[in-house]
2 protein chains.
Amino acid sequence: MDTGDRLLTPGEVAALFRVDPKTVTRWAAAGRIGSIRTPGGHRRFRESEVRALLEGEGMLDEAEETERPRNTGPAAPTGPGPGPANAGMY
Amino acid sequence: MDTGDRLLTPGEVAALFRVDPKTVTRWAAAGRIGSIRTPGGHRRFRESEVRALLEGEGMLDEAEETERPRNTGPAAPTGPGPGPANAGMY
DNA sequence: GCCCAATTGGGTAATTTGGGTA
DNA sequence: ATTGTCCAAATTACCCAATTGG
């Protein structure tokens, strides 16, 4: 079984998820996806993990997330819109 | 366990890190990874050291960033020398 | 989204390595 | 069995462009 120990670059993961490489970096920084750092500081991602994330989310109703750190704070999201709540403190 | 004093070629190390052999050569030139030179000038890398570097944060809840001081000085070129001096001590 | 610095990868030419054979 | 030569693959070093990180 090729679980796929191959490593993917941020750009490749971004292409798989149709997001910006910066977003993938943000996931890694937040610990939402495992990352391996090269001695130079760049990140590499395990293809097996990426594939698991790609497949595991789209099957049944997503009533259960794996382990999402809930919002720490009295967040009262009255906003119904599924908009990208990006604070953008950068 | 045989952490392996085996020597790996730049191509092997590059495949493990999913980088180009040239990048591995740069790591060696920058002192980020120990290297042994053959009389012909080619480099060989210790598998134990490579694995230690490879053993990054897998899927542990990891949100910290290893502080990476910029290259401010000549790091130890070939370091460990004789003995089971395992690098990776940070 | 933007910026810049650092790292990485591609290209080519020359040398070294390793295997097979004479 | 030892030595020598040939050839294919890998590695090195230089350049510059693209990707990545903060």
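Letters go in sequence order (proteins before strands), and every chain restarts at 1. No hydrogens, no waters, no symmetry mates; every other heavy atom, side chains included, goes into these values.
- Counting to the nearest Å, the C1' atom of D:dT20 and the CZ atom of B:F17 are 17 Å from each other.
- Atom-to-atom, CZ of A:F45 to C1' of D:dG21 comes out at 11 Å; the value is rounded to the nearest Å.
- The phosphate of D:dG22 has OP1 or OP2 within less than 4.0 Å of a side-chain N or O from A:R43.
- A:L8 places its CG atom 16 Å from the C1' atom of C:dT8, with the value rounded to the nearest Å.
- For C:dG1, the base has no donor-acceptor partner in the side chain of A:K22 [N/O atoms by modelled type, under 3.5 angstrom].
- Salt bridge B:R18/A:E47: absent, no basic N to carboxylate O contact under 4.0 Å.
- Taking atom CZ of residue A:R37 and atom P of nucleotide C:dA6, one finds them 16 Å apart after rounding to whole Å.
- The side chain of B:V19 approaches C:dG9 more closely than any other nucleotide in the set C:dG9, D:dT12, D:dT19.
- Taking CZ from B:R43 and OG1 from B:T9, the interatomic distance works out to 13.0 Å, rounded to the nearest 0.5 Å.
- Both B:A29 and A:P21 sit near DNA chain D, but only B:A29 has its closest nucleotide nearer the 5' end.
- Distances shorter than 4.0 Å separate none of the side-chain N or O atoms of A:T25 from OP1 or OP2 on D:dT20.
- Across all their heavy atoms, B:D20 and B:A14 have their closest contact at C-CB, 3.6 Å.
- No donor-acceptor contact under 3.5 Å links the side chain of A:R26 to the base of D:dG22.
- For B:T38, the listed nucleotide lying nearest its side chain is C:dT17; candidates were C:dT17, D:dT20, D:dA13.
- C:dA5 atom P lies 15 Å from atom NE2 of A:H42, rounded to whole Å.
- Atom-to-atom, CG of A:L7 to P of D:dT20 comes out at 14 Å; the value is rounded to the nearest Å.
- When the side-chain nitrogen and oxygen atoms of B:R32 are compared with OP1 and OP2 of C:dT7, one or more of them lie within a distance under 4.0 Å.
- D:dA13 atom P lies 15 Å from atom CG of B:D20, rounded to whole Å.
- As a whole-Å value, the separation of B:W27 CH2 from D:dT11 P is 14 Å.
- For A:F17 and A:W27, the ring centers sit closer than 6.0 Å to each other.
- Here C:dG18 sits opposite D:dC7 as a Watson-Crick or G-U wobble pair (both hydrogen-bonding atom distances under 3.5 Å).
- In terms of heavy atoms, A:P39 sits closest to B:L53 at CG-CD1, 4.3 Å.
- Using the Watson-Crick or G-U wobble rule with both distances under 3.5 Å, D:dT19 pairs with C:dA6.
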